[in-house]
Amino acid sequence: MHVLILGGTAEARALAGLLHGEARVTSSLAGRVASPRLPAGEVRIGGFGGAEGLAEWLREHAVDAVIDATHPFAERISFNAAGAAATAHVPLLALRRPGWVPVEGDDWHEVPSLDDAARALDGLGDRVFLTTGRMGLAAFANRPEWFLVRSVDAPEAPVPVRAEILLDRGPFALDGERELLRRHRIDVLVTKDSGGAATAPKLRAAREAGIPVVLVRRPPVPPDVPVATTPAEAAGWVRRG
């Protein structure tokens with residue numbers, strides 16, 4: 001059996017590790033991170049050329065199953081995967097870590113997009129911890145606030161006019177997030193609902209400090225695509241054939 005895993009998430013790497021040795025596993029990484037953490041098995045880096053290119057790749061490489069384990073906000077590749085799998089008649093499963101859920105004491109302002117997140121900053125604070133990644137920063141380019149922008153790799157212009165760039169990769173510890181908020185006098189956090197534990201400590205740190213959070217809701221999984229929430233569940237789906 002040949003399994004194609006789309007994505008360089010922690011869940012994708014865990015799934016590749018579970019299936020390695022049981023099946024031929026190829027992991028496809030988008031190539032947006034300069035030094036990605038590589039999974040077990042075969043690895044390819046780069047795009048496929050849209051849904052048609054991916055469908056052709058599935059046929060040429062005799063792929064038996066596709067797991068879309070991309071980041072919850074990688075909407076384009078998810079829809080391309082759905083189209084390609086349907087065209088090539090290959091089973092497709094989406095692997096998505098559960099989203100975050102607010103608890104008592106949270107002050108969340110949920111919005112549907114980065115543009116809405118930028119507009120939601122009005123009146124919330126003047127020093128923003130922006131953790132939405134290096135893509136899409138143009139939405140904040142003309143905002144008057146000061147931004148601490150954290151990303152794995154250096155962002156490309158346009159970026160906020162008043163910004164400090166912090167290059168770092170999770171997982172992040174709670175004590176470190178507390179210190180970051182304190183040292184930079186952060187009074188509002190902007191993030192995406194990526195879910196998972198690796199970057200969740202910033203939410204607790206914000207709650208403890210009474211800092212509001214502007215949270216961008218994740219896009220939906222393409223229609224009719226089944227969803228697993230853990231690598232073990234996804235591995236079981238593959239094994240059942």
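Small disclaimer: the values here were computed from a predicted structure and weren't measured.
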salt_bridge(Arg239, Glu22) N-O dist < 4.0 Å = yes

Could you tell me whether the side chain of Arg97 and the main chain of Ser194 form a donor-acceptor pair under 3.5 Å?
-> yes

Would a hydrophobic clustering, with Ile, Leu, Val, Met, Phe, Trp and Tyr connected at side-chain separations under 4.5 Å, put Met1 with Val63?
-> no

Please round to the nearest 0.5 Å and tell me the distance separating atom NE2 of His89 and atom OG1 of Thr87.
-> 7.5 Å

Determine, for Trp100 and Arg218, whether the Lys NZ or Arg CZ falls below 6.0 Å from the six-membered ring centre while staying within 45 degrees of the axis.
-> no

Donor-acceptor under 3.5 Å (Asp187 side chain, Arg127 main chain) = yes

Do Leu58 and Phe48 come within less than 4.5 Å of each other through their side chains, counting heavy atoms only?
-> no

Between Trp146 and Ile165, is there a shared hydrophobic cluster once you connect ILVMFWY residues whose side-chain heavy atoms come closer than 4.5 Å?
-> no

Donor on one side chain, acceptor on other, Asp68 and Thr70, under 3.5 Å = yes

Separation between CD1 of Ile5 and CD1 of Ile67, rounded to the nearest 0.5 Å = 6.5 Å

Do NZ/NE/NH1/NH2 and the carboxylate oxygens of Glu179 and Arg182 come within less than 4.0 Å?
-> yes

Heavy atoms from other residues, nucleotides or ligands near NE2 of His184 exceed 12 (cutoff 6.0 Å) | yes

Looking only at heavy atoms, the pair that brings Ala206 and Val213 closest together is CB-CG2, 3.9 Å

Under 4.5 Å between any side-chain heavy atoms of Leu6 and Leu4, yes or no?
-> yes

State, with a plain yes or no, whether a side-chain heavy atom of Asp64 is found less than 4.5 Å away from one of Val3.
-> no

Within the distance-only criterion (no hydrogens, no angle test), does the side chain of Glu56 pair as donor or acceptor with the backbone N or O of Glu52 below 3.5 angstrom?
-> no

Nearest heavy-atom pair of Leu137 and Pro155: which atoms, and what distance?
-> CD1-CB, 3.4 Å

Would the number of heavy atoms belonging to other residues, nucleotides or ligands and lying under 6.0 Å from CD of Glu60 be above 12?
-> yes

For the pair Asp168 and Val152, evaluate side-chain contact (heavy atoms from CB on, under 4.5 Å) and give the outcome as yes or no after the intermediate values.
-> CA-CA 5 Å; Asp168 204 354; Val152 175; over 6 Å; no

Do the side chains of Leu148 and Leu180 get nearer than 4.5 Å, heavy atoms only?
-> yes

Excluding sequence neighbours, so at least two apart, what forms salt bridge (charged side-chain N to carboxylate O under 4.0 Å, His left out) with Asp224?
-> none

Spacing of Glu11 atom CD and Thr229 atom OG1 [to the nearest 0.5 Å] | 10.0 Å

Please say whether the positively charged group of Arg76, taken as NZ for Lys or CZ for Arg, lies over the ring of Phe73, i.e. under 6.0 angstrom from the six-membered ring centre and within 45 degrees of the axis.
-> no

Are Glu177 and Arg150 ion-paired here, with the side-chain N under 4.0 Å from a carboxylate O?
-> yes

Any ion pair linking Arg24 and Glu42 (charged N to carboxylate O, less than 4.0 Å)?
-> yes

Pairing of Arg143 and Asp122 as salt bridge, 4.0 angstrom limit | yes

Minimum heavy-atom separation for Pro39 to Ala16, with atom names?
-> CB-CB, 3.8 Å

Could I get the full list of salt bridge (charged side-chain N to carboxylate O under 4.0 Å, His left out) partners for Glu208, not counting sequence neighbours?
-> Arg178, Arg204

Worked verdict on Val190 versus Thr132 for side-chain contact (heavy atoms from CB on, under 4.5 Å) | CA-CA 7 Å; Val190 179; Thr132 57; 4.0 Å; yes

For Trp108, ring-ring contact (aromatic ring centres under 6.0 Å, His included) partners two or more places apart = none

Joint cluster assignment, Val128 & Leu114, ILVMFWY side-chain distance < 4.5 Å | yes

Kindly indicate, with the supporting measurements, whether the criterion side-chain contact (heavy atoms from CB on, under 4.5 Å) is fulfilled by Val43 and Ile45.
-> CA-CA 7 Å; Val43 177; Ile45 297 178; 4.2 Å; yes

Rounded to the nearest 0.5 Å, what separation is found between the CG atom of Leu121 and the CG atom of Leu130?
-> 8.5 Å

Where is the tightest heavy-atom contact between Gly170 and Arg37, given as atom of each residue plus distance?
-> O-NH2, 3.2 Å

Any side-chain heavy atom of His61 within less than 4.5 Å of one from Thr26?
-> no

Rounded to the nearest 0.5 Å, how far does CZ of Arg185 lie from CZ of Phe129?
-> 15.5 Å

Within the distance-only criterion (no hydrogens, no angle test), does the side chain of Thr9 pair as donor or acceptor with the backbone N or O of Ala69 below 3.5 angstrom?
-> yes

Nearest 0.5 Å please: distance from the CG atom of Leu167 over to the CZ atom of Arg134.
-> 10.5 Å

Has the side chain of Ser151 got a donor or acceptor atom that lies under 3.5 Å from a matching backbone atom of Ala154?
-> no

Give the cluster check for Leu189 versus Phe140: same hydrophobic cluster or not, with ILVMFWY residues linked at side-chain heavy-atom distances below 4.5 Å.
-> no

What's the shortest heavy-atom distance between Pro158 and Ala141, and which atoms?
-> CB-CB, 4.0 Å

Any side-chain heavy-atom pair of Asp193 and Val216 under 4.5 Å = no

Looking at Asp106 and Arg207, does any basic side-chain N land under 4.0 Å from a carboxylate oxygen?
-> yes

Minimum heavy-atom distance between Gly46 and Ser28, given as atom pair plus value = O-OG, 4.0 Å

Test item: Glu145 and Pro160 side chains (from C-beta on) under 4.5 Å apart, heavy atoms = no

Can you get from Phe147 to Leu124 by hopping between Ile, Leu, Val, Met, Phe, Trp and Tyr side chains that sit under 4.5 Å apart?
-> yes

Is there side-chain contact between Phe172 and Thr131, with at least one heavy-atom pair below 4.5 Å?
-> no

